[in-house]
Amino acid sequence: MLVLGTFAFPCDTELKPMPITAAGPTHRLYADHVNPQWVRLLDLLDMNVQYEKCVGCELFTHDGARILDFLSGYCVHNTGHNHPRIIAALHAELDRNGPAMLQSHVSDLAGELAARLCELGGSHLRKVFFASSGSEGIETAIKFARARTGRAALLYAQGAFHGLTCGALSLMDNGFWRQGFGPLLSETEAVPFGDVDLLAQKLSDRQFAAFVIEPIQAEGGIRLPHPEYLAAVQELCRRTGTLLVLDEVQTGMHRTGPFLAAHRYGLQPDMVVLAKALSGGLVPAAAVLMTDEVYGAVYTSLQRALVHTSTFSENGLSLRAGIATLDVLEQERLGERAERLGSLLRERLRHQLGGYEMVSDIRGAGLLCGIEFRAPQSLGLRLPFEAFARIHPGMFGQMLVRRLFREENILTQICGNHFMVLKAAPPLVVTEEQIEHFVRALKRQVEFIHSSRSFWADALGLARRALNI
Ligand SMILES: Cc1ncc(COP(=O)(O)O)c(C=O)c1O
């Protein structure tokens, strides 16, 4: 019996080097009918393996390899993969043959989950709109902010990631995500994350319905705000009648320690968007927490009782999973665990990686951690690094991710809008031993990058293969 986090599961699997799994028949169907480019990309990176079972922080492949998950599906698996109590709650919900998708009844489960989210979110957040994805939550925030303020324009922070539906995408300045999908919402504008003066200038003419911001930018490179920044943002928003919308899709649900990252900074936002970890990584769910004033501006009359809704909004499985997820987070004290183990992770990483030329910063909050790399100065490293960068700016980081996966059986990723930052965000049930294992593995790979030509040579070989594909 292997004890993982705070729950145990049977396990007799040895840690084995990664096998390369040939695409099986299901992969062929996927490639034929879903997304062939995704299959090709995973094949190219040697990361296309067949997972059979995922438990806690570990993923088991069909041929017996065990992989440590330090990605959590981009902060979906805060409670660990397939938590037995959340699974049991879902079974119970299915077994009771209760009302589902009637679109004609009042959902008690929605009431119960909303009440708990409001209590955890802070007393000023009194209403909740449920949705199925983070992007849909952001769309909701856009519409509700416009309804509340009567203003059309929206402000957001450079480097943000808010989702890929048209409205959410309009709040992202990275051209990679936007290219080919325009025209998007026209009245949106970006300001640098952390720049109070420019924000004050932008907000002063009271054109913006909302400032939408991640309190800690996740895909932007695990960028933490200056300690006073968000309080100043809130003050400016209040003064100018601009709603403060916090995107806590990655940072919420105790990922950074407290229930919301907003609580780290003593904020009282007008709306908070939650998704990802809300339903234990098992069913799609999102929630937009908001003040009575915001809610009241949308549902203004009987006629408008359903003016903003969605078929799957209050579906029983998501809500039941949400309630069970809150129970697990609370009973296993995963917020405190995130705080304590996150500090340990950063301390150990700083100790082990501090002296390396290419490691420029280790930062984070709770178990949302970033390891930033920089271009090397020494000639021996600079030339191959520059060759990498010419091929693709994400090449270096992706090669590190690949090596961690292939050589160390650890799943990680680089940040989507900052390719020089490796993200370390394990499930909050991670153990001290698993943290130590990750730190030692990363140290080995960083040492390899600094001391072996084969890191660079292998990767350039891979790049040639990619260009030929
Ligand atoms: C901070 C943030 N907001 C919003 C989203 C969009 O969420 P979804 O993919 O569920 O639409 C993401 C997705 O990664 C995210 O990281």
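Note that ligands are numbered from 1 as they come in the structure, with each ligand's atoms numbered from 1 the same way. Just so you know, these numbers use all the heavy atoms, side chains as well, and skip hydrogens, waters and symmetry mates.
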Check: residues 192-201 side-chain donor-acceptor pairs under 3.5 Å, at least two apart:
unit_1, atom_1, unit_2, atom_2, d
D195, OD1, D197, N, 3.2
D195, OD1, L198, N, 2.9

If you look only at pairs with a residue in residues 115-134, which of them pass as a ring-ring contact (aromatic ring centres under 6.0 Å, His included), with sequence neighbours excluded?
F129-H308
Mind jotting down which protein residues get a heavy-atom contact under 4.0 Å with ligand 1? Chain and number order, please.
S133, G134, S135, F161, H162, G163, E214, D247, V249, Q250, K276
Spacing of H77 atom NE2 and L59 atom CG [to the nearest 0.5 Å]:
8.5 Å
Residues 217-229 vs salt bridge (Lys or Arg N to Asp or Glu O under 4.0 Å), sequence neighbours excluded, gives E219-K423
F161 and W177 aromatic centres sub-6.0 Å
yes
I want to check something: taking the side chain as every heavy atom from C-beta on, are L404 and L400 in contact at a cut-off of under 4.5 Å?
yes
